[in-house]
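Start at 1 and go down the list; that is how both ligands and their atoms are numbered.
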Amino acid sequence: MAEAGAGVLVEETLQVFRDNYPGCEPTVGVAAPGRVNLIGEHTDYNEGFVLPVALPMVTVVVGCQSSNGIISLLTTAKEADEPRRLEFPVLTESNPLSPGLPCWANYVKGVIQHYRAGPLPGFKAVIASNVPLGGGLSSSASLEVAMYTFLQQICPDNGDLVEKALACQKAEHTFASMPCGIMDQFISVMGKKDHALLIDCRSLEVTPVPLTDPSLVVLITNSNVRHTLTGSEYSTRRKQCKEAADALKKETLRDVSIADLTAAESHLDAEVYCRARHVISEIKRTTDAAKALTSRDYWEFGRLMVQSHNSLRDDYEVSCPELDELVAAAMDGEGVYGSRMTGGGFGGCTVTLVDAAAVENTIQRIKDNYSGTATFYITKPSRGAHVLKL
Ligand code: GLA
């Protein structure tokens, strides 16, 4: 079982700060969570619904303001490319930031560039995370949102949370070249303890769905594989969705019913048709699943999760053999309601809804049947980005 407590992470991060910036004391500490999506995959950029949960795993930023006009950043992530410490002058209108190397800093620089107040003062900050990097649990959104939350402490903006999530999404689009939807940044900002959030990605309205039943466990299984192509395949899927919506003369696939799609089948490229069928059916599954969870009908919820996985595998083609193996192993036993890949796909994690009494057997069965080495996290819905008491 993985997952160091956030308290330990904060203590370690403070120590790294003191060791690297002797004579300075950190005055600001913030944390922002990763996420797991229960259902509603590849629907956010089609203005559909998603149902994510904020994780107890977080990215932490600690630091202090400085008066020399220099921004100094240090990451403790072992996976980060070198240099892990870098310094640059505070940005000005005539001297904006631009993406470059090291890669890890692009998320941070993007947030600084798109921050909604200013001018920003110089600062020193150490960044640390226990969200597995590149594991499909939104380590990048948690980094962006943590950084934004840090900047709010040293140079307050107007506090608008939706604008905050949108600015972080923009940072990812422009500095990490990842044309993501809004789900990851939104849940990292808005996450609510003991709740999943049904997010309408068109209106950005949020409906919290309680998830407090002690007999129900959300089990995350990390395949520990990450296939390349993830970025390029993601933007291809986005383009195919747009192509389908354009062909049906609609703004987005949110406005298209399965009947509309079926009627137009002969005018659409076969692959584009399948992509659209996934999105349209997934949007419906997500609102149905939120209803099932609200009425504690876990078997119905689980059935929809498995349908979602199959649709992502067959119609959207973003799964991979490892994720399929993990889902099959999870489902092949007592007390498991449902299981599916979660996040963008091509590796990363699955999410499984399981009766508390069956968790140990389920984990053992997955270990016995998975051809790779999996890591497991039993997770509880946690709060969104917040300021830490140092
Ligand atoms: C990635 C993106 C999200 C979303 C998911 C798929 O995590 O960042 O915006 O599109 O993939 O549901």
- Query: Do you see a donor-acceptor pair shorter than 3.5 Å between the side chains of H309 and D324?
  - Reply: yes
- Query: Any side-chain donor paired with an acceptor under 3.5 Å for S308 and E282?
  - Reply: yes
- Task: Return the option from N37, L312, D184, T43 holding the heavy atom at the smallest distance from atom 1 (C) of ligand 1.
- Result: D184
Could you tell me, atom by atom, which parts of ligand 1 come under 4.0 Å of a heavy atom of [X]?
X    : result
G181 : 9 (O)
Y45  : 10 (O)
R35  : 7 (O)
E41  : 6 (C), 12 (O)
C180 : 2 (C), 8 (O), 9 (O)

- Query: Which residue holds the protein heavy atom closest to atom 9 (O) of ligand 1, what is that atom called, and what is the gap in Å?
  - Reply: D44 OD2, 2.5 Å
- Note on the structure: Among non-hydrogen protein atoms, atom 5 (C) of ligand 1 lies closest to M183 CE, 3.9 Å
- Query: For ligand 1, is there an N or O atom under 3.5 Å from any N or O atom of S138?
  - Reply: no
- side-chain hydrogen bond (donor to acceptor under 3.5 Å, both in side chains) evaluation trace for N222 with T375: CA-CA 5 Å; N222 193 340; T375 314; 5.2 Å; no
- Salt bridge or not for E47 and R254, using N-O below 4.0 Å? no
- Message: Under a 4.0 Å threshold between the charged nitrogen and the carboxylate oxygen, would K239 count as salt-bridged to E243?
- Response: no
- Residue from V351, N37, L38 passing side-chain contact (heavy atoms from CB on, under 4.5 Å) with V53: L38
- Message: Heavy atoms only, cut-off 4.0 Å: how does R237 contact ligand 1, side chain, backbone, both, or neither?
- Response: neither
